[in-house]
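See structure below.
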Amino acid sequence: MTNIILLGPPGAGKGTQARKLVEERGMVQLSTGDMLREARTSGTDMGKRVAEVMDRGQLVTDEIVIGLIREKLETVKAPGFIFDGFPRTLRQADALGELLAAEGQQLDAVIELRVDDQVLVDRVSGRYTCGDCGEVYHDKTRPTKVEGVCDVCGSHNLKRRADDNAESLKTRLMEYYKKTSPLVGYYYHAHKLHVVDGLAEIDEVSAAINKALETPLG
C-alpha cells in the first residue's frame, strides 16, 4: 500500500501525473472535486449532507471531506491512493494523518511539483483539455494531431477553463502559496517531502516521481 499527496500550484501537472500513476501502478486518485460531485448524486446520508451544503452555496467542511475519504479508504480496494486537492491547510493535513492512522494506514510520500511562476503562466495560458477523457493539450507545446479532435478518444469536446488566463492564474497562484505553502515545511519536517521539477517533460516528471516513491526519506 502506497499513499501519496501531489502538491503543486494550478497548472503544475498534478492531474497528468496522477493519471499516469493510476495507469502504471493501479493507484486510485481521490480528487476532492470528483468525490463531492459523486457524493452529491449518490443518495447516501453523506451525499445528502453534501448536496444540502452545496445547494446553499456554502463551502463543504473539512469534516465532510474527511468522511468522504474515509468511505473510499474503507470500500475501495487498491494498492494505494493519490490525494489530489486535499489537504490544502495544516489543519487538513493533521486530519488526514489521523484518519490514515485510524484506518491502519500511513502517508508514504508527498510529491511537490515545483515550477517557475512565469513559465507556468505561459504554459497554462495556452492549455485546453478533452471534456470526455481529460487529456491535456497546449496550443504551442502539445496541440492535437488533428485540429479539434482528441488524440486519445477522438472526441470533439475540447474545452478551455475560463480561468486559464494570465491574470486569473496569478490570482490563483497567490491563493495557493498563501494557503498551501505551509504544507511544504510541514511535510519536510515529517520526512515525507520529495521535490520534483514540474516543468520537465511529462515522462521525465513521471520517472522522477517513481524514483521518489522508491526512495524513503528519514
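This one's a predicted model, so the numbers in the text were calculated from it and none came from an experiment.
- Looking at Asp117 and Lys170, no side-chain N of the basic residue comes within less than 4.0 Å of a carboxylate O on the acidic one, giving no salt bridge.
- No salt bridge links Asp34 with Lys72; every basic N to acidic carboxylate O contact stays at or beyond 4.0 Å.
- The NZ atom of Lys77 lies 8.0 Å from the CE atom of Met1; values are rounded to the nearest 0.5 Å.
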Intermediate values then yes/no, side chain to side chain contact (heavy atoms under 4.5 Å, CB included), Leu100 and Leu96:
CA-CA 6 Å; Leu100 288 170; Leu96 179 60; 4.1 Å; yes

Between Gln118 and Asp122, is the side chain to side chain contact (heavy atoms under 4.5 Å, CB included) condition met? List the steps.
CA-CA 6 Å; Gln118 187 53 54; Asp122 294 340; 3.4 Å; yes

Give the intermediate values and the outcome of salt bridge (charged side-chain N to carboxylate O under 4.0 Å, His left out) for residues Arg142 and Glu135.
CA-CA 11 Å; Arg142 193 169 183 260; Glu135 192 68 15; 3.0 Å; yes

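- With hydrophobic clusters built from ILVMFWY side chains whose heavy atoms lie under 4.5 angstrom apart, Met27 does not share a cluster with Leu7.
- Nearest heavy atoms, Leu59 versus Val53: O-CG1, 3.5 Å.
- With no hydrogens or angles considered, no side-chain donor-acceptor pair links Asn3 and Asp108 at under 3.5 Å.
- Note: Thr32 OG1 to Gln92 CD = 8.0 Å, rounded to the nearest 0.5 Å.
- By the rule that hydrophobic residues join a cluster once side-chain heavy atoms approach within less than 4.5 Å of another member, Leu199 and Leu113 end up as members of separate clusters.
- Within the 4.5 Å cutoff, the side chain of Phe83 has no heavy atoms near those of the Val110 side chain.
- Listed here is the closest heavy atom pair of Arg88 and Gly85: NE-O, 3.2 Å.
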For salt bridge (charged side-chain N to carboxylate O under 4.0 Å, His left out), just list the numbers for Arg70 and Glu98, CA-CA rounded to whole Å, side-chain angles, deciding distance to a tenth of an Å, and then say yes or no.
CA-CA 11 Å; Arg70 180 183 293 108; Glu98 291 167 4; over 6 Å; no

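- Residues Asn210 and Arg25 meet the side-chain proximity criterion, which asks for heavy atoms closer than 4.5 Å.
- Salt bridge Arg49/Glu52: absent, no basic N to carboxylate O contact under 4.0 Å.
- Linking Ile, Leu, Val, Met, Phe, Trp and Tyr whenever their side-chain heavy atoms come within less than 4.5 Å puts Leu36 and Val76 in one cluster.
- Under the side chain to side chain donor-acceptor pair (under 3.5 Å) criterion, Tyr186 pairs with Asp94, not counting sequence neighbours.
- Remark: Met174 CE to Leu169 CG distance equals 11.5 Å, nearest 0.5 Å.
- Placement of Val50 and Leu73 within a single hydrophobic cluster is found when ILVMFWY residues are connected by side-chain heavy-atom separations under 4.5 Å, directly or transitively.
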One pair to check against salt bridge (charged side-chain N to carboxylate O under 4.0 Å, His left out): Glu175 and Arg172. What are the steps and the verdict?
CA-CA 5 Å; Glu175 188 72 8; Arg172 289 159 62 202; over 6 Å; no

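- Between Ile82 and Ala18, the shortest heavy-atom contact is CD1-O, 3.7 Å.
- Val184 and Leu173 fall within the same hydrophobic cluster, where Ile, Leu, Val, Met, Phe, Trp and Tyr residues are linked whenever their side-chain heavy atoms come under 4.5 Å apart, directly or through other members.
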Check against side chain to side chain contact (heavy atoms under 4.5 Å, CB included), Ile202 and Gln17:
CA-CA 8 Å; Ile202 290 174; Gln17 294 303 324; 3.7 Å; yes

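- Evaluation of the ring-ring contact (aromatic ring centres under 6.0 Å, His included) rule for Phe86 yields no partner, not counting sequence neighbours.
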Assess whether side chain to side chain contact (heavy atoms under 4.5 Å, CB included) is satisfied between Val60 and Met54, documenting all intermediate values.
CA-CA 7 Å; Val60 176; Met54 295 179 74; 4.0 Å; yes

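- Using a 4.5 Å heavy-atom cutoff, the side chains of Asp197 and Val115 are not in contact.
- Note that NZ of Lys14 and CZ of Arg19 are 12.0 Å apart. Values are rounded to the nearest 0.5 Å.
- In this structure, Tyr187 and Glu112 have side chains that are not in contact, with every pair of non-hydrogen atoms separated by 4.5 Å or more.
- Arg37 CZ to Ser31 OG: the interatomic distance, rounded to the nearest 0.5 Å, is 6.0 Å.
- Taking 4.0 Å as the cut-off between side-chain N and carboxylate O, Glu204 and Lys211 do not count as a salt-bridged pair.
- Of all heavy-atom pairs between Cys130 and Ser155, the closest is SG-CB, 3.9 Å.
- Although no hydrogens or angles enter the test, the distance criterion places a donor-acceptor pair under 3.5 Å between the side chain of Ser42 and the main chain of Ala39.
- Between Cys150 and Tyr137, the shortest heavy-atom distance links the atoms SG-OH, 3.1 Å.
- Of all non-hydrogen atoms in Arg127 and Arg160, the two that sit nearest each other are O-NH1, 3.7 Å.
- In terms of modelled atom types and a separation under 3.5 Å, the side chain of Tyr128 and the main chain of His138 share no donor-acceptor contact.
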